[in-house]
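Below is one structure; the comments refer to it alone.
Residues: numbered from 1 along the sequence shown. Computed from heavy atoms alone, side chains included, the values below leave out hydrogens, waters and symmetry copies.
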Amino acid sequence: MISVLTKRADFIAANKGLRNARAGFVLLTRPNGGAGIRYGITVTKKIGNAVVRNRMKRRFRELLRDALPQKGLPDHDHVLIGRAGGVERDFETMADELDIVLTRAREGKTDPSRGRRPRRGNKRNAGR
């Protein structure tokens, strides 16, 4: 059975798993200890107003509803993060890209990190 992630802690935990990015979205996958296939969707305000964000979430839900039963990783959390390129992107193209990233995740492959710096700590206490 496929269920939806609702707790912030689950989204944060998924961020520590595999990361596969495409022009319209980023897919995060992480084992969830036998809780079945679960998914979550997040689209930030950087993408657009509420109408645009909700349209993107509806498209993502439909993509996941089609792909996860056959191609989803069993006992894993799947989180789709919307990117600005996903708003106008063709639905079929996004479906093909989702298939590709799910295959990569199943093989344990992830995108190379592009020199992302770790977050800095509290700046007020840096000089102490």
Side-chain angles (χ1 to χ4, degrees):
M1 178 171 163
I2 298 175
S3 57
V4 181
L5 295 175
T6 55
K7 294 190 175 10
R8 183 174 187 270
D10 292 334
F11 283 87
I12 291 170
N15 201 28
K16 295 181 179 126
L18 295 178
R19 176 186 183 92
N20 286 289
R22 291 294 176 262
F25 60 85
V26 176
L27 176 71
L28 306 175
T29 53
R30 181 161 190 214
N32 61 21
I37 296 177
R38 302 189 307 175
Y39 75 90
I41 298 169
T42 180
V43 181
T44 64
K45 287 185 178 181
K46 284 195 291 187
I47 303 304
N49 64 16
V51 174
V52 171
R53 294 193 312 267
N54 287 331
R55 182 174 2 139
M56 184 177 251
K57 286 190 273 188
R58 283 194 305 271
R59 295 179 82 201
F60 283 167
R61 266 193 297 275
E62 189 58 33
L63 282 170
L64 292 170
R65 199 172 289 137
D66 288 343
L68 286 184
Q70 300 87 13
K71 299 174 182 149
L73 284 71
D75 295 328
H76 275 69
D77 291 340
H78 305 76
V79 174
L80 270 182
I81 302 172
R83 283 185 156 181
V87 176
E88 300 90 19
R89 204 148 178 85
D90 181 52
F91 190 81
E92 292 300 318
T93 305
M94 286 180 46
D96 293 340
E97 290 174 343
L98 183 60
D99 289 344
I100 292 168
V101 297
L102 284 170
T103 302
R104 284 180 55 86
R106 176 170 277 116
E107 295 167 353
K109 295 180 181 175
T110 186
D111 290 341
S113 89
R114 293 179 165 196
R116 288 178 24 191
R117 294 185 307 193
R119 276 192 165 157
R120 286 195 163 146
N122 190 348
K123 290 183 179 180
R124 281 186 273 152
N125 296 330
R128 294 181 185 180

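Between L98 and L64, some side-chain heavy-atom pair lies under the 4.5 Å cut-off. Residues R89 and R22 form no side-chain contact, since every pair of their non-hydrogen atoms from C-beta on lies 4.5 Å or further apart. A 4.5 Å side-chain heavy-atom check between L28 and F11 finds every atom pair outside the cut-off. The shortest side-chain heavy-atom distance between H78 and L102 falls under the 4.5 Å cut-off.
Hydrophobic clustering, with ILVMFWY side chains joined whenever heavy atoms are under 4.5 angstrom apart, groups F25 together with V4.
Here the side chain of D75 pairs a donor or acceptor atom with the backbone of G36 at under 3.5 angstrom. Checking side-chain atoms of R30 against main-chain N and O of A13 turns up a donor-acceptor pair under 3.5 Å.
Taking CG of L73 as the start and CZ of R106 as the end, the distance is 5.0 Å to the nearest 0.5 Å. For the atom pair NZ (K57) and CD1 (I41), the distance works out to 8.5 Å, reported to the nearest 0.5 Å. To the nearest 0.5 Å, atoms OG1 (T110) and CG (N20) are separated by 5.0 Å.
The residues D77 and R38 are annotated as salt-bridged, a charged nitrogen and a carboxylate oxygen being separated by less than 4.0 angstrom. One finds no salt bridge joining E62 and R59 here, because no Lys/Arg side-chain nitrogen approaches an Asp/Glu carboxylate oxygen to under 4.0 Å.
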